[in-house]
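Inspection log for the structure reproduced underneath, given as C-alpha cells.
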Amino acid sequence: MNFSFDDNLNAIAEKVFAGTRLSYDEGMALYDTDDLNALGKLADFERRKRHGKDTFYNVNRHFNHTNICVADCKFCGFYRRGRDEDAYTHSVEDAIRIAGDAVKEGATELHIVGGLNTKLPFEYYTDLFSSLKREYPDLHLKALTMVELDFFARFYKMSDEDVIKKLRDSGMDSCPGGGAEIFAEPTRSRICDHKCDGDRWLELAGKCHEAGVKTNATMLYGHIETTEDRMDHFVKLREQQDKTGGFQCFIPLAFYPPGTELSSLPGPDGIDSLKTIAVSRLMLDNFDHVKAYWVMLGKNLAQAALHYGANDLDGTITDGGELTESYSVEFGEVKMSKDELIMLIRNAGFEAVERDTIYNRVGAAV
Ligand code: V47
C-alpha cells in the first residue's frame with residue numbers, strides 16, 4: 001500500500017497494514033497530523049478490510065421514558081427537575097403505543113433511555129420491558145446505560161448481578177453505549193460529578209457482557225476534554241473489550257452545546273469529528289463497528305464519515321421530539337426515512353445493509 005504520509009506517520013501506517021495494535025503515543029500522533037486525507041485513507045483501509053463496501057443501518061425508534069434526572073450533567077440539555085413544567089414520565093401504555101407505531105413503520109429496535117428518576121420503583125422498568133415484550137416479542141429492546149444500571153444498584157440497594165439479571169429476564173436485550181462521556185479525571189468530574197465514574201462504567205459493561213448482554217460504547221467529545229483524555233478513553237475501552245468482548249460498536253458523540261450549561265463552548269468542528277472517527281477506527285482494533293451518529297454529526301458529515309472509518313449510520317430514529325429539542329444539529333424533526341439513509345450510503349459509494357441491533361443482516365445489500 002502506498003501512502004504519502006508525513007515521515008513520522010509512515011511507521012504507523014506500516015503497523016496498520018500489518019494489523020499490529022497501535023500505542024497510546026501513536027494514537028496521539030494520528031490526532032496531531034494535518035494530513036486529514038492520509039488519516040482518512042488509513043482508517044478507510046481498516047474499515048474496508050473488515051466490511052468492504054457494506055455500510056449498516058437499522059430501522060429504530062428512540063423512546064425516553066422520563067426526562068426527570070438527578071445527575072445534573074453540565075453537557076445535557078435534556079434533563080428536567082421533577083417540579084419543572086415540562087418534566088414527564090411515560091406510562092407503560094404510552095410505551096406500548098409508541099412501540100406499536102414503530103413496529104408499523106418497520107422498526108426492529110426500540111432504544112430506551114431516560115433520566116435517573118428517584119420517584120420510580122425498580123418494577124417500573126421490569127413492567128415496562130415485560131409489557132413491551134408481551135405485545136411485540138420480536139422488537140429488540142436496547143435499553144438503559146451503565147449509568148442507569150449503576151443508579152439502580154445503589155438506589156434500590158441491589159447487587160449489580162441482580163439488577164442485570166432481573167432486567168434481562170424481563171426483556172432488556174442489549175444496552176446502548178451512553179453515559180461513557182469521557183472516562184478521564186478530572187475532566188469527567190467537571191462535566192458530570194453526580195454519576196458513576198469511568199471505572200465503574202467499564203466494570204458494569206463487563207458484568208453485562210458476562211451475563212450475555214451485549215452493549216455499545218460512546219465517547220462525548222468536543223467540550224472541555226483534551227486529546228490525552230480521548231486517547232485514555234480509547235485505550236480503556238480497548239482493554240475492557242480484550243477482557244469481556246461484549247462491545248458491539250463504538251459511537252463518538254459530537255457535543256452539541258445549545259441549551260446546556262456549557263453553551264458558551266463552540267462544540268467540535270467538522271475536521272475534529274472526522275479525525276475522531278478515523279482515530280477511533282484505528283485505535284479500537286477489537287471493535288467490529290464504528291457508528292457515525294447522524295443526529296449529532298448532521299447528515300452530510302455523517303455521510304463523509306463513511307470514508308473516514310465509519311461503517312454504520314445508525315437508524316431512521318424517529319423520536320417523540322425529545323432528541324430534536326435536546327441535542328440534534330439537524331433542523332426540524334429528527335427523522336430519516338429508510339430511502340434517504342440508503343441514498344446517503346449509496347451516494348457515498350458504499351452498499352447499504354439493513355441490520356438488526358446485534359448486526360445480523362436483514363435482507364440483502366442494496
Ligand atoms: O449519554 C448528552 C450524549 C448520550 C449531549 O448505543 C450529548 O447505539 C451531544 O448514548 N451533545 C445519549 N451529546 C445518546 C447515546 C447513543 C446515541 C445513539 C446510539 C447509541 C447506541 C447511543 O448522548 C449521552 C451523552 O453522552 N449527550 N447531551 C449533547 N448536548
Side-chain angles (χ1 to χ4, degrees), residues 62-73 76 78-79 82 89-92 94-96 99 109-137 139-181 183 188 192-218 236-237 239-241 243-249 251 357-358:
H62 282 228
F63 172 64
N64 300 123
H65 48 276
T66 180
N67 65 351
I68 299 173
C69 189
V70 293
D72 288 344
C73 299
C76 180
F78 167 71
Y79 79 89
T89 298
H90 283 300
S91 63
V92 169
D94 290 342
I96 288 177
E109 166 190 298
L110 194 61
H111 177 141
I112 308 173
V113 288
L116 308 182
N117 186 335
T118 54
K119 293 285 184 274
L120 297 175
F122 184 67
E123 290 66 37
Y124 170 85
Y125 300 94
T126 48
D127 283 354
L128 180 66
F129 298 158
S130 57
S131 306
L132 283 167
K133 278 290 174 193
R134 203 173 311 122
E135 294 293 322
Y136 304 106
L139 186 64
H140 183 109
L141 304 183
K142 183 178 77 178
L144 306 173
T145 65
M146 300 307 109
V147 169
E148 288 164 284
L149 300 186
D150 167 69
F151 173 74
F152 294 169
R154 288 185 293 117
F155 190 69
Y156 304 119
K157 300 191 175 21
M158 292 163 67
S159 72
D160 298 341
E161 288 72 14
D162 213 20
V163 168
I164 295 166
K165 184 177 179 321
K166 288 203 162 86
L167 293 169
R168 185 195 65 194
D169 292 351
S170 67
M172 179 182 81
D173 293 303
S174 69
C175 297
E181 323 311 358
F183 297 141
R188 187 179 182 86
C192 54
D193 59 345
H194 295 142
K195 66 187 190 191
C196 71
D197 66 15
D199 287 345
R200 175 76 174 137
W201 189 98
L202 289 161
E203 179 189 21
L204 277 165
K207 288 186 176 180
C208 284
H209 302 168
E210 278 154 11
V213 177
K214 301 266 189 209
T215 71
N216 291 338
T218 57
K236 284 185 175 143
L237 281 176
E239 285 170 354
Q240 183 63 49
Q241 181 77 326
K243 284 189 229 153
T244 52
F247 289 120
Q248 304 204 89
C249 80
I251 311 135
T357 310
I358 52 172

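The analysis underlying the following values was restricted to heavy atoms, covering all of them including side chains, and did not include hydrogens, waters or symmetry mates.
Judged by distance alone, with hydrogens and angles left aside, the side-chain atoms of Thr218 form a donor-acceptor pair with the main-chain N or O of Gly177 at under 3.5 Å. No side-chain donor-acceptor contact under 3.5 Å links Arg200 to the backbone of Val147. Side-chain N or O atoms of His194 include one that pairs as donor or acceptor with a backbone N or O of Ala71 at under 3.5 Å. Without hydrogens or angle criteria, Glu210 side chain to Thr244 main chain gives no donor-acceptor distance under 3.5 Å.
When every heavy atom of Leu128 is checked against every heavy atom of Ala95, the shortest pair comes out as CD1-CB, 3.4 Å. Taking every heavy atom of both residues into account, Ala143 and Phe129 meet most closely at CB-CZ, 3.6 Å. In terms of heavy atoms, Asn64 sits closest to Phe78 at CB-CZ, 3.7 Å. Of all non-hydrogen atoms in Gly179 and Thr145, the two that sit nearest each other are N-CG2, 4.4 Å. The nearest pair of heavy atoms linking Asn117 to Tyr156 is O-OH, 4.4 Å. Taking all atoms of both residues into account, the shortest heavy-atom contact from Gly198 to Phe183 is CA-CD2, 3.5 Å.
For Tyr125, the ring-ring contact (aromatic ring centres under 6.0 Å, His included) test picks out His65, Phe152, with sequence neighbours left out. Not counting sequence neighbours, the partners of His209 by the ring-ring contact (aromatic ring centres under 6.0 Å, His included) test are Phe247.
With a 4.5 Å cut-off on side-chain heavy atoms, Lys119 and Ile68 do not count as touching. Taking the side chain as every heavy atom from C-beta outward, Met146 and Cys208 approach each other to under 4.5 Å. The shortest distance between side-chain heavy atoms of Thr66 and His90 does not fall below 4.5 Å. With contacts defined as side-chain heavy-atom distances shorter than 4.5 Å, the pair Asp72/Tyr79 qualifies. Looking at Ile96 and Leu132, their side chains come closer than 4.5 Å, going by heavy atoms from C-beta outward. At least one side-chain heavy atom of Leu202 sits under 4.5 Å from a side-chain heavy atom of Leu237. In this structure the side chain of Gln248 reaches within 4.5 angstrom of the side chain of Asn216, judged on heavy atoms. Taking the side chain as every heavy atom from C-beta outward, Leu149 and Leu167 approach each other to under 4.5 Å.
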Working note: Tyr124 + Thr89, criterion side chain to side chain contact (heavy atoms under 4.5 Å, CB included); need CA distance, chi angles, decisive distance, verdict. CA-CA 11 Å; Tyr124 170 85; Thr89 298; 3.9 Å; yes
Residue pair Lys207, Glu203: steps toward the salt bridge (Lys or Arg N to Asp or Glu O under 4.0 Å) verdict: CA-CA 6 Å; Lys207 288 186 176 180; Glu203 179 189 21; 3.6 Å; yes
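Here the NE2-CG distance, from His140 to Leu110, works out to 10.0 Å after rounding to the nearest 0.5 Å. If you take CD on Glu181 and SG on Cys196, they are separated by 9.0 Å, rounding to the nearest 0.5 Å.
The only member of Lys133, Lys214, Lys142 that meets side chain to side chain donor-acceptor pair (under 3.5 Å) when paired with Asp173 is Lys133.
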